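Predicted model only: the values in this text are computed from it and were never measured. Proteins come first, then strands; the chains are lettered A, B, ... in the order of their sequence lines, and each starts at number 1.
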Amino acid sequence: MGTEGFVSSITRQSEDFPAWYNDVVLKGELADYSPVRGCMIIRPYGYAIWESMQGELDRHIKATGHSNVYFPLFVPRSLLEKEAEHVAGFDPQVAWVTHAGGKALDEWLAIRPTSEAIIADSVKDWIQSYRDLPLLMNLWNNVVRWELRTRLFLRTAEFLWQEAHTFHATREEAEAEVRTGLDCYQKVSEEWLAIPVIQGRKTEGEKFPGADFTWCVEAMMRDKKALQAGTSHMLGQNFARAAGIEFLDRDNVRKNPYGTSWGFSTRMVGATIMAHGDDFGLVLPPNVAPTQVVIVPIFRNEEEKAAVAEAIDRFQAALAETPGGKAVRVRVDWRDESPGFKYNHWELRGVPFRLEIGPRDVAAGQAMVVKRVDRSKEAVPLDRLAAELPARLRAYQAELFKRALDFRESNTHHVDTYQQLKDGLDLEGGFFLAPWCGAGKCEKQVSDETGATIRCIPFDSPDEAGKCIVCGGSSERRALFARAY
RNA sequence: CGGGGUGUGGCGUAGUGGCUAACGCACAUGCUUUGGGAGCAUGAGAUCGUGGGUUCGAAUCCCACCACCCCGACCA
């Protein structure tokens, strides 16, 4: 049988990317649909991937001085409505609790779509002096946004995320904080998830409701579409003013503090799937892979089984002696299934390395090492493998990042006319850097006519005089256009 | 909400008025197997989306409703 036959259960990525994605999520047992429309059940394997990135991000958040806190799920209607732009932006997506305790509530309670409003109200008594600032808080929680169209992990009515909320005495300090949040996301995306991202500024039309400006990180998926990997908002004094937060500054003047908020969600599980996966299923970076190395024992009788088991034990003992070896997440698959079944099972789940150990390998003191990303096979002596495994995992992680970066770069194009953008989107897709005048009208026209949006104005896009591809007006730098999730 | 589509064991399907609703996968038990999704045997599992109607007889025809999926508007 050729390699084609084994993947009959997964739609080919090149054939139908969304169907491929659903197959991987459902058949890889990452998540399932729920009885509630638009909500998802995260299964053990999917949750383990989330926990891994969550843990890494939490370390970055704490290392930059933030403390974890908790605020309630319910937000009184009056609080949500204090910041006008904010409520206008979120109103259509809010789920309301209208009854409780067997009767209609006098005041409806919003199930938080995000926590700016309740936090601003809650902390007003905590902030009296400039000495109380900065206030650096982070929440790990769930939020609800009644989305019209949902997709597992990428957009669900309820999702898990982290939302940081901070308050500062000066605008400069708050702006530095917006940067801090964005840098955390870049590090987790690139170093942990092996997904290269582009930092930039959202347009007025795409910014967070109630913010002065929004910065973001954008990533390219393997279908060349963009996915927002995290956002960091400069709230200015908007929420503080609406909630009446004031502090007495060094100069004995009462002022409103400056706020920021930034969030990173379970969407990134979807990003990891779509940034690395292939026709055989998931391809996980070793850092997030719940199992980094799976050992498939092969034997025909009890005698061979015992010999293989002994070789595996010796290998694991040698690995434990290797620096960094104890931290390697190894799993031995003793299930009563055929080897071929196990190969497919673990390839679908994206385990970076598979070791096949059978009678022939025991005799030779080796294992067949199969690398998930390219499915290459190599016979390696077991003692050498034990010594090299931590380094091989690091190299694999770096290789995945490089592969994703190369893919993004080879699918990013500079275009100078609207026609070039249209042709590029239709013919090959990808990211397009094009001059834009800054007008919302031009942005909207592109989006209406092509389905592509301005993902951001990249920070590393150099100053470059040009003519807006839509209206011909003057442009100071290029914006990043792409079709997005 | 507008346009299109689908509802039959856990999943994928067959069954267009007639006997006890069929098949594959998955599941359970046993034996044989195990180097790229093993084989055989036995077995469990379905109020055919819901309600009403037509008929001697409905998964099948009619009406209404419900749910879900795809496209569009909203979005971490």
Side-chain angles (χ1 to χ4, degrees), chain A residues 1-10 16 18-19 22-23 26-27 32-38 88-94 112-115 141-151 153-163 185 202 205-209 214 216-219 227-233 261-271 280-281 296-302 304-305 308 333-348 354-364 366-368 370 375 377 379 444 447-448 451 453 484-485:
Chain A
M1 197 190 294
T3 48
E4 298 80 24
F6 306 128
V7 293
S8 55
S9 61
I10 313 180
D16 184 345
N22 272 331
D23 282 348
L26 296 170
K27 291 176 178 156
D32 212 341
Y33 294 109
S34 86
V36 182
R37 187 202 74 87
F90 276 106
D91 199 49
Q93 293 181 265
V94 173
R112 62 182 164 218
T114 178
S115 302
N141 63 15
N142 58 340
V143 291
V144 169
R145 298 181 187 177
W146 218 252
E147 301 287 354
L148 299 174
R149 256 170 71 60
T150 59
R151 302 205 46 201
F153 287 113
L154 300 175
R155 189 177 305 108
T156 45
E158 177 194 14
F159 58 89
L160 306 184
W161 74 341
Q162 151 279 326
E163 46 174 329
Y185 297 154
K202 284 286 182 197
E206 298 266 339
K207 76 173 189 187
F208 179 76
T214 290
C216 64
V217 282
E218 293 284 330
L227 184 82
Q228 182 171 301
T231 46
S232 187
H233 315 295
S261 67
W262 28 288
F264 175 105
S265 74
T266 35
R267 161 179 282 189
M268 290 307 287
V269 176
F280 299 93
V296 178
I298 298 159
F299 52 88
R300 278 164 298 195
N301 52 51
E302 286 305 312
E304 287 182 352
K305 183 177 181 181
V308 167
D333 188 353
W334 285 110
R335 288 178 302 168
D336 185 20
E337 299 285 356
S338 72
F341 178 91
K342 294 175 186 175
Y343 300 166
N344 286 284
H345 179 91
W346 295 111
E347 282 181 3
L348 171 60
R354 175 175 78 241
L355 311 186
E356 305 172 8
I357 303 182
R360 294 204 295 267
D361 303 299
V362 172
Q366 64 175 32
M368 289 304 301
V370 185
R375 299 170 79 243
K377 292 194 182 193
K444 186 166 185 308
S447 142
D448 287 347
T453 49
Y485 280 95

Please convert RNA chain B into dot-bracket. A pair counts if it is Watson-Crick or G-U wobble with both distances under 3.5 Å; crossing pairs go in [ ] and bases paired with another strand get |.
((((((((.[[[[.)..(...]]]].((((((.....)))))).....[[[[[..)....]]]]])))))))....

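Checking side-chain atoms of A/D361 against main-chain N and O of A/G358 turns up a donor-acceptor pair under 3.5 Å. A donor-acceptor contact shorter than 3.5 Å is absent between the side chain of A/T214 and the backbone of A/K202. A donor-acceptor pair is defined here as one N or O able to donate and one able to accept, closer than 3.5 Å; such a pair exists between the side chain of A/Y185 and the backbone of A/W262. Between the side chain of A/E163 and the main chain of A/S115, a donor-acceptor pair closer than 3.5 Å is present.
In this structure, CD1 in A/I298 is found 10.5 Å from CD in A/E304, a value given to the nearest 0.5 Å. To the nearest 0.5 Å, the span separating CG on A/N142 from CH2 on A/W161 amounts to 11.0 Å. Going from atom CG of A/L154 over to atom CZ of A/R149 covers 11.0 Å, rounded to the nearest 0.5 Å.
Here, B/G49 and B/U42 have their C1' atoms 34 Å apart, quoted to the whole Å. Between B/G37 and B/C1, the two C1' atoms lie 45 Å apart (nearest whole Å). B/U60 and B/U54: their C1' atoms are spaced 13 Å apart (whole Å). The separation of B/G10 from B/A28, taken at their C1' atoms, amounts to 14 Å, rounded to a whole angstrom. For the P atom pair drawn from B/G51 and B/G9, the interatomic distance equals 16 Å after rounding to whole Å. Comparing B/U6 with B/A22, their P atoms are spaced 25 Å from each other, to the whole Å. For B/C56 and B/G2, the P atoms lie 40 Å apart once the distance is rounded to whole Å. Comparing B/C65 with B/C70, their C1' atoms are spaced 22 Å from each other, to the whole Å.
Here B/C68 presents its C1' atom at 16 Å from CG of A/L148, a figure rounded to the nearest Å. With rounding to whole Å, A/N142 atom CG is found 17 Å from B/A76 atom P. Going from atom NZ of A/K444 over to atom C1' of B/G72 covers 13 Å, rounded to whole Å. Going from atom CG of A/L26 over to atom C1' of B/G12 covers 14 Å, rounded to whole Å. In this structure, A/Y33 atom OH and B/A67 atom P are separated by 18 Å, rounded to whole Å. Note: CZ (A/F341) to C1' (B/G37) measures 7 Å, nearest angstrom. One can place CG of A/L154 at 13 Å from P of B/A76, the figure rounded to the nearest angstrom. The distance between atom CD of A/E337 and atom C1' of B/G35, rounded to the nearest whole Å, is 16 Å.
Of the candidate nucleotides B/A76, B/G35, B/G36, B/G36 has the atom lying nearest to any side-chain atom of A/E347. Of the candidates B/C75, B/A76, B/G36, B/A76 carries the atom nearest the A/F159 side chain, counting heavy atoms from C-beta on. Residue A/E147 has its side chain nearest to B/A76 when only B/U34, B/A38, B/A76 are considered. Nearest to the side chain of A/S265, among B/C74, B/A76, B/G37, sits B/A76. The side chain of A/V370 lies closest to B/G36, out of B/G36, B/A38, B/U34. In this structure, the nucleotide among B/G36, B/C75, B/U34 sitting nearest to the side chain of A/R267 is B/C75. Nearest nucleotide to the side chain of A/R149, out of B/C70, B/A38, B/A76: B/C70. Taking the side chain of A/Q228 as heavy atoms from C-beta on, and the options B/G37, B/C71, B/A76, the nearest nucleotide is B/A76.
Remark: ring of A/F264 not stacked against base of B/A76; the cut-offs of centroid gap under 5.5 Å and plane tilt under 30° are not jointly satisfied.
Residue A/R300 places no side-chain atom within donor-acceptor reach of the base of B/G35, judged by atom type and a 3.5 Å distance cut-off alone.
A cation-pi arrangement is absent between A/R155 and A/Y485 under the rule of less than 6.0 angstrom and at most 45 degrees off the ring axis.
A/M368 comes within 4.0 angstrom of a base, heavy atoms only. Here A/K377 lies in heavy-atom contact (under 4.0 Å) with a base. As judged by a 4.0 angstrom heavy-atom cut-off over every strand, A/F299 is placed among the base-contacting residues. Across all strands shown, A/G358 has heavy atoms under 4.0 Å from base atoms, whether or not it also approaches the sugar-phosphate. Within 4.0 Å (heavy atoms only), A/R151 reaches no atom of the nucleic acid at all.
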A/N141 and A/R112: CA distance, side-chain angles, deciding distance, side chain to side chain contact (heavy atoms under 4.5 Å, CB included) verdict:
CA-CA 10 Å; A/N141 63 15; A/R112 62 182 164 218; 3.4 Å; yes

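Inter-residue side-chain proximity for A/F90 and A/T114 is flagged as met; some heavy-atom pair is nearer than 4.5 Å.
A residue-by-residue look at A/G230 and A/T150 shows that A/T150 has its nearest nucleotide of RNA chain B further toward the 5' end. Between A/T156 and A/N22, the residue anchored closer to the 5' end of RNA chain B is A/N22, taking for each the nucleotide with the nearest heavy atom.
Residue A/S338 places no side-chain N or O under 4.0 Å from the OP1 or OP2 atom of B/U34.
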